[in-house]
A.B. asks: 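Before I ask anything, let me first share the structure, which is written out below as structure tokens.
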Amino acid sequence: MNTKQVVTRFPPSPTGTLHIGGARTALFNWLFARHYHGKFVLRIEDTDKLRSTRDNTDSIIESLRWLGLDWDEGPYFQSQRMEIYNEMIEELLSSGNAYYCHCKPEELERKKAEAKKRGLKPKYDGRCRELGLGKAPGAVVRLKSPLSGTTTFKDLVKGVISIDNEELDDLILQRSDGSFTYNFAVVVDDSKMGINYVIRGDDHVNNTPRQILIYKALGEPIPLYAHLPMILGPDKTPLSKRHGATSVMAYKEMGFLPHALLNSLARLGWSHGDQEKFTTQELIDLFSLDHVGKSAGIFNMEKLLDLNAKYIREVDDSNLADLLIPFLNNLGCSGLNRKKVKEAVKTLKARAKTLLEMAQGALFYFKEITYEKQADEKFLRPEVLEILEDLLSDLERTTGFAQEELEKTFSTFLERHQIKLGKVAQPLRVALTGKTVSPGIFEIMEVMGQEMVIKRLSNAISHTKSKKGP
RNA sequence: GGUCCCAUCGUCUAGCGGUCUAGGACGCCGGCCUCUCACGCCGGUAACACGGGUUCGAGUCCCGUUGGGACUACCA
């Protein structure tokens, strides 16, 4: 039995915000670590000084927190680990597993182009490999990798993958400006941090043999790998900024619940029979790499929307009100009465797929309304004036504004006029909300309260009267 | 070009040689419910890329074809 603790990691590069693909990678690493009661490490790969920003780092961290993906160690910053990389370079140099190369970039470029033209592999020719060159301005450090043989690893999702070492050339570990390359830094960090499961995007499979070679040169144990399939946009190309909303924070702003996103991400590439909905605990208990699919998938917005709607319905009214208030504020509603928001939420929760949508649907409770043109023309007609006026006087007279009481008031009203509810419901709805679509009229009347209902109804009546003309 | 990876309904997927005339979910289309819209409920639509093997038997294993994708940087 292997008693070694599982250690996974998520190493975002702060050259952008956390996007859907990154979030899924983080989630799988997190789930795997939690499932095995292991450790989840966060490491910021900010070696690209030009493109890495503090804002992006903060935003990535905020996104992870929002999703509820907590880490046990870190965040580490690669930019603060230069001494370690340097030490490792020295070690490789002295063990003969790496060497200085003095070749000029332009020269290499030229050779590469030439090789390509002749249909050969554009790889480094190993000119400086055995020269025993020393440090010099413009020199880089290269890995002395095996010329023959194959490098094989058993990917936990893809199976055995092997590649001839001939395909790999002596890759650069340290650049001429002293900085370190990605493949090198990753291996050093993963190794130093004790990462034993590397779960990452599919786009790294080709890097894996190179990294394994570095582990071997370092004499360090090689982790187990699991490569996750890519997430594609609707056009079947890898998800990118072009696809609009790809950043996790954008989903927050659109009114998605973090758990809905999480659930949705989990189901993209992983499955557990026919189950679609999972609590976080179920995800942790059930997650395993052998039910991760091998093929790339398209991120399905419709399904996320549906899941989000389902989860919204599960949140209790009071919490939902708290979640909704910021969205309402953004839409210009201030000084909100929390209790009224809660009552409003009750009427809206089955009708909104996102918090934003719900806030928009709740606006008529909290802001002055305007009549939608179509609604106005179709339902606020002089023919219904008489009925509306009579209804208004009934509503003014009644003392009960709870739903059941309103229903009673209405049934006697309808009986007196010998009409069906359908006849008054739509005009009344337009009068109260300005729209033809809303929650049930009794529900909204109760939430609005007598005063507002009477005011809106009389406004609608005078508005309709004004249409008659002289 | 080379190397590597991938291939079930429109989409996410179940399927780990027989239970598959291929199941679930989203979407879409009907219906019921009904004061509108939703919710809910009921029903329907729709897929194993192709061709060879292996086997008594293949969606499931092997090979090839085709089609996607990744990598091929002194980016990560």
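A note on names: the letters A, B, ... follow the listed sequences, proteins ahead of strands, and every chain is numbered from 1. Any value given below was found using the heavy atoms of this structure, including those in side chains, with hydrogens, waters and symmetry copies removed.
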A.B. asks: Check the distance between B:C74's C1' and A:L108's CG and give it to me in whole angstrom.
C.D. replies: 9 Å
A.B. asks: Return the CG to CZ distance between A:L93 and A:R142, rounded to the nearest 0.5 Å.
C.D. replies: 13.5 Å
A.B. asks: Roughly how many Å is it from CG in A:L388 to C1' in B:C35, rounded to a whole number?
C.D. replies: 14 Å
A.B. asks: If the sugar-phosphate is the primed atoms plus P, OP1 and OP2 and the base is the rest, what is the B/S/- string for nucleotides 4-16 of chain B, using protein heavy atoms under 4.0 Å?
C.D. replies: SSSS---BBSSS-
A.B. asks: A:D55 and A:T53: side-chain donor and acceptor closer than 3.5 Å?
C.D. replies: no
A.B. asks: Tell me the partner of B:A14, counting only Watson-Crick (N1-N3 plus N6-O4 or O6-N4) or G-U wobble (N1-O2 and O6-N3) with both under 3.5 Å; none if nothing fits.
C.D. replies: none
A.B. asks: Using the C1' atom as the reference point in each nucleotide, state the distance between B:U60 and B:G18 in Å, no decimals.
C.D. replies: 11 Å
A.B. asks: By nearest heavy atom, map A:T47 and A:S438 onto RNA chain B; which one lands nearer the 5' end?
C.D. replies: A:S438
A.B. asks: Given the C1' atoms of B:A58 and B:G69, what is the spacing between them in whole Å?
C.D. replies: 27 Å
A.B. asks: Name the nucleic acid region contacted by A:K310, choosing base, sugar-phosphate or nothing; use a 4.0 angstrom heavy-atom cut-off, strictly under.
C.D. replies: sugar-phosphate
A.B. asks: Across the strands shown, which category fits A:D155 at heavy-atom distances under 4.0 angstrom: base, sugar-phosphate, nothing?
C.D. replies: nothing
A.B. asks: Does B:U54 have a Watson-Crick or wobble partner in any strand here, with both distances under 3.5 angstrom, and which is it?
C.D. replies: none
A.B. asks: Please classify the nucleic acid contact of A:F410 as base, sugar-phosphate, or nothing, using heavy-atom distances under 4.0 Å.
C.D. replies: nothing
A.B. asks: Counting only Watson-Crick pairs (N1-N3 plus N6-O4 or O6-N4) and G-U wobbles (N1-O2, O6-N3), all under 3.5 Å, who is the partner of B:A7?
C.D. replies: B:U66
A.B. asks: Should A:R313 be listed as having a side-chain N or O under 4.0 Å from OP1 or OP2 of B:G40?
C.D. replies: yes
A.B. asks: Given atom CG of A:D169 and atom P of B:C71, what is their separation to the nearest angstrom?
C.D. replies: 16 Å
A.B. asks: How many Å lie between NZ on A:K423 and P on B:U36, as a whole number?
C.D. replies: 15 Å
A.B. asks: Side chain of A:R51: nearest nucleotide among B:U36, B:G2, B:A76?
C.D. replies: B:A76
A.B. asks: Less than 3.5 Å between a donor and an acceptor, one on the side chain of A:R351 and one on the base of B:C39, is that the case here?
C.D. replies: no
A.B. asks: Reckon A:R210 touches a base, only the sugar-phosphate, or nothing at all at heavy-atom distances under 4.0 Å?
C.D. replies: sugar-phosphate
A.B. asks: Would you classify A:C101 as touching base, sugar-phosphate or nothing, given that sugar-phosphate means primed atoms plus P, OP1 and OP2, and contacts are heavy atoms under 4.0 Å?
C.D. replies: nothing
A.B. asks: Provide the distance between the two C1' atoms, one in B:U55 and one in B:A76, to the nearest whole Å.
C.D. replies: 48 Å
A.B. asks: How far does the P atom of B:G59 sit from the matching atom of B:C20, given to the nearest Å?
C.D. replies: 13 Å
A.B. asks: Rounded to whole Å, how long is the line connecting atom CZ of A:F10 with atom P of B:A76?
C.D. replies: 17 Å
A.B. asks: Does any donor atom in the side chain of A:Q426 or A:R429 lie under 3.5 Å from an acceptor atom in the other side chain?
C.D. replies: yes
A.B. asks: For a quick test of reading the model: is some side-chain N or O of A:K123 closer than 4.0 Å to OP1 or OP2 of B:G2?
C.D. replies: no
A.B. asks: How far does the P atom of B:G51 sit from the matching atom of B:C39, given to the nearest Å?
C.D. replies: 42 Å
A.B. asks: Starting at CZ of A:F401, measure out to CD of A:Q450 and round the result to the nearest 0.5 Å.
C.D. replies: 4.5 Å
A.B. asks: Within the 4.0 Å heavy-atom criterion, would you say A:H204 contacts the bases, only the backbone, or no part of the nucleic acid?
C.D. replies: base
A.B. asks: Only counting residues at least two apart or in another chain, list the ones meeting salt bridge (Lys or Arg N to Asp or Glu O under 4.0 Å) with A:K342.
C.D. replies: none
A.B. asks: Quick check: any donor-acceptor pair below 3.5 Å linking the side-chain of A:S176 to the base of B:C74?
C.D. replies: yes
A.B. asks: Given the C1' atoms of B:C37 and B:C50, what is the spacing between them in whole Å?
C.D. replies: 47 Å
A.B. asks: Is the distance between the ring centroids of A:W71 and A:F10 under 6.0 Å?
C.D. replies: no
A.B. asks: In whole angstrom, give me the gap between the P atoms of B:A49 and B:U36.
C.D. replies: 46 Å
A.B. asks: What integer distance in Å separates A:H102:NE2 from B:C74:P?
C.D. replies: 17 Å
A.B. asks: Base, sugar-phosphate, or nothing: which does A:S13 touch, judged by heavy atoms less than 4.0 Å apart?
C.D. replies: sugar-phosphate
A.B. asks: Within the structure shown, what part of the strands sits under 4.0 Å from A:P11 by heavy-atom distance: base, sugar-phosphate, or nothing?
C.D. replies: nothing
A.B. asks: Between B:A25 atom C1' and A:L305 atom CG, what is the distance in whole Å?
C.D. replies: 15 Å
A.B. asks: If you assign A:F180 and A:D306 each to the RNA chain B nucleotide with the nearest heavy atom, which residue ends up on the more 5' nucleotide?
C.D. replies: A:D306
A.B. asks: Do you know which two heavy atoms are closest between A:I214 and A:L143, and how far apart they sit?
C.D. replies: CG1-CD2, 3.9 Å
A.B. asks: Could you label the plane-to-plane angle of the A:Y225 and A:H227 rings as parallel, tilted or perpendicular, counting under 30° as parallel and over 60° as perpendicular?
C.D. replies: parallel
A.B. asks: I'd like the C1' distance from B:C28 over to B:A46, given in whole Å.
C.D. replies: 10 Å
A.B. asks: Sort and list the pairs that fulfil side-chain hydrogen bond (donor to acceptor under 3.5 Å, both in side chains) and have at least one residue in residues 287-297 of chain A, not counting sequence neighbours.
C.D. replies: A:S288-A:D290
A.B. asks: Starting from C1' on B:A70, measure out to OH on A:Y182 and report it in whole angstrom.
C.D. replies: 13 Å
A.B. asks: Does any nucleotide pair with B:C41 by Watson-Crick or G-U wobble geometry, both distances under 3.5 Å, and what is it?
C.D. replies: B:G31
A.B. asks: Does B:U21 pair with anything, Watson-Crick or G-U wobble, both distances under 3.5 Å, and if so, with which nucleotide?
C.D. replies: none
A.B. asks: Do the rings of A:W270 and A:F287 sit parallel, tilted or perpendicular, given the 30° and 60° boundaries?
C.D. replies: tilted
